[in-house]
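These notes are about the structure you will find just below.
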Amino acid sequence: MANILLVDDNDEILEANRACLAGQGFAVECADTGVKALAALNEKRYDCIVLDILLPDLDGIAICKAARTLTDAPILFLSCLEETADKVKGLSAGGDDYMAKPYSLEEFCARVRALMRRGERLERDNLSGSFYIDRENRLIHALGKTVFLTEREFMLFELLHGNPGVQFSNENLLKDIWQGNAGISVVKALASRLRQKIEFAEEVLGRVTTSYGVGYCLTPPRSGKQ
């Protein structure tokens with residue numbers, strides 16, 4: 001039976017979410033403070049964590065970062081903060097999905113199930129030395145680690161990853177990613193950021209390389225894993 005940890009300081013929300021998930025056969029535990037949540041994570045392994053951001057003691061973002069040192073379990077943020085910047089902050093901290101309050105219990109349970117299926121695939125992929133790309137949230141999971149890409153970083157990654165070994169000139173990238181509304185220095189900066197973000201997974205993703213006067217490409221990993 002899968003174990004789920006719910007973290008929220010609203011008793012009504014905790015009980016509604018607990019009842020919904022328990023009714024679908026999950027073992028559910030609740031914590032109404034960040035301290036209790038971290039204590040639970042240190043004592044037990046969970047298959048999914050549902051985390052509020054505005055807690056009375058610890059910030060949910062900080063809890064997420066701490067949780068990522070303890071577990072690779074999928075984390076769903078459930079918060080009244082609904083601005084895009086808040087969602088990006090949560091996903092960048094290590095969250096896998098983000099729902100804004102209010103929400104429907106039906107969708108909530110569906111997202112938890114989807115995250116757990118994704119987590120099972122990721123675990124299998126990591127065991128086989130592979131990786132998983134979450135296109136909806138612009139996340140790359142590889143070798144037990146998750147990295148978040150900005151919109152243009154992800155566009156560049158998708159372009160290079162979809163055409164391994166193919167060289168793309170600065171002009172090509174300017175046209176494909178910025179529709180010509182940028183300069184060469186912006187392309188170089190973007191490629192550099194992407195290279196730094198995914199270098200931890202070179203053995204399964206490959207490496208972003210630069211050929212002077214030619215352009216950029218994703219060199220396939222030496223092992224041939226893709």
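Note that the coordinates shown come from a computational prediction; the quantities given were computed from them, not determined experimentally.
In this structure the side chain of Arg45 never reaches within 4.5 angstrom of the side chain of Asn3, judged on heavy atoms. Residues Ile75 and Tyr46 fail the side-chain proximity criterion, which asks for heavy atoms closer than 4.5 Å. Contact of the Pro221 side chain with the Glu202 side chain is not registered, since no non-hydrogen atoms from C-beta on lie closer than 4.5 Å. Side-chain contact check for Leu149 versus Lys197: some heavy-atom pair is nearer than 4.5 Å. Between Pro74 and Ile49 the shortest side-chain heavy-atom distance does not fall below 4.5 Å. Side chains of Leu190 and Trp178 form a contact here, defined as non-hydrogen atoms less than 4.5 Å apart. Between Ile140 and Ile198, the closest side-chain pair of non-hydrogen atoms falls below 4.5 Å. Within the 4.5 Å cutoff, the side chain of Lys89 has heavy atoms near those of the Ile61 side chain.
Between Glu151 and Arg138 there is no salt bridge, since no side-chain N of the basic residue sits under 4.0 Å from a carboxylate O of the acidic one. At a threshold of 4.0 Å, the pair Arg111-Glu107 counts as salt-bridged, since one of the basic side-chain nitrogens sits closer than that to a carboxylate oxygen. We find that Lys101 and Asp52 are joined by a salt bridge, their nearest charged nitrogen and carboxylate oxygen being less than 4.0 Å apart.
Rounding to the nearest 0.5 Å places CG of Asp47 at 12.0 Å from CG of Asp72. Separation of atoms CG (Leu58) and CD1 (Ile63) is listed at 5.0 Å; rounding is to 0.5 Å. Here the CG atom belonging to Leu160 is positioned 11.5 Å from the CG atom belonging to Leu205, to the nearest 0.5 angstrom. Atoms CG and SG, from Asn17 and Cys30 in turn, are 8.5 Å apart once rounded to the nearest 0.5 Å. Remark: Asp96 CG to Leu91 CG distance equals 8.0 Å, nearest 0.5 Å. Going from atom CG of Leu51 over to atom SG of Cys64 covers 6.5 Å, rounded to the nearest 0.5 Å.
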**Study point:** Pair Phe77-Lys87, side-chain contact (heavy atoms from CB on, under 4.5 Å): steps then yes or no
**Key:** CA-CA 9 Å; Phe77 277 107; Lys87 297 177 182 179; over 6 Å; no

Point to revise | Residue pair Asp8, Asp32: steps toward the side-chain contact (heavy atoms from CB on, under 4.5 Å) verdict | key: CA-CA 5 Å; Asp8 202 300; Asp32 57 7; over 6 Å; no

Check your understanding: Thr33 and Asp9: side-chain contact (heavy atoms from CB on, under 4.5 Å), yes or no, with the steps?
Key -> CA-CA 6 Å; Thr33 68; Asp9 62 338; over 6 Å; no

Point to revise | Ile4/Met116 under side-chain contact (heavy atoms from CB on, under 4.5 Å): CA gap, chis, key distance, verdict | key: CA-CA 10 Å; Ile4 299 176; Met116 294 180 68; 4.0 Å; yes

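Classification of the Phe157-Phe154 ring pair by plane angle, with boundaries at 30° and 60°, yields tilted.
Under a cut-off of 6.0 angstrom, the local environment of CD in Glu106 is sparse, with at most 12 non-hydrogen atoms contributed by other residues, nucleotides or ligands. More than 12 heavy atoms of other shown residues, nucleotides or ligands fall within 6.0 angstrom of atom CD in Gln24.
Under the 4.5 Å side-chain heavy-atom criterion for Ile, Leu, Val, Met, Phe, Trp and Tyr, Leu78 and Leu14 are members of the same hydrophobic cluster. A continuous path of ILVMFWY side-chain contacts below 4.5 Å connects Phe26 to Phe108, so both sit in one hydrophobic cluster. Taken together through direct or relayed side-chain contacts under 4.5 Å among Ile, Leu, Val, Met, Phe, Trp and Tyr, Val208 and Ile177 form part of one hydrophobic cluster. Hydrophobic clustering keeps Val88 apart from Ile53 (ILVMFWY residues linked when any side-chain heavy atoms are closer than 4.5 Å, directly or through intermediates). Hydrophobic clustering places Val147 together with Leu218 (ILVMFWY residues linked when any side-chain heavy atoms are closer than 4.5 Å, directly or through intermediates).
Of all heavy-atom pairs spanning Arg195 and Thr209, the tightest one is NH2-C, 4.2 Å. Of all heavy-atom pairs between Arg18 and Glu15, the closest is NH2-OE2, 2.9 Å. For Leu38 against Ala66, the heavy-atom pair with the smallest separation is CD2-CB, 3.9 Å. When every heavy atom of Asp57 is checked against every heavy atom of Gly34, the shortest pair comes out as OD1-N, 2.8 Å. The two residues Ala93 and Lys65 make their nearest non-hydrogen contact at O-CG, 3.8 Å. Taking both residues in full, the closest heavy atoms of Leu105 and Ala16 are given as CD2-O, 4.0 Å, listed atom of the first, atom of the second, then distance.
Aromatic ring centres of Phe168 and Tyr216 lie farther apart than the 6.0 Å criterion allows.
The backbone N or O of Thr71 sits less than 3.5 Å from a side-chain atom of Arg68, completing a donor-acceptor pair. Here the side chain of Asn163 pairs no donor or acceptor atom with the backbone of Val166 at under 3.5 angstrom.
Checking Thr150 against Arg193 by side-chain atom types alone, no donor-acceptor pair falls below 3.5 Å.
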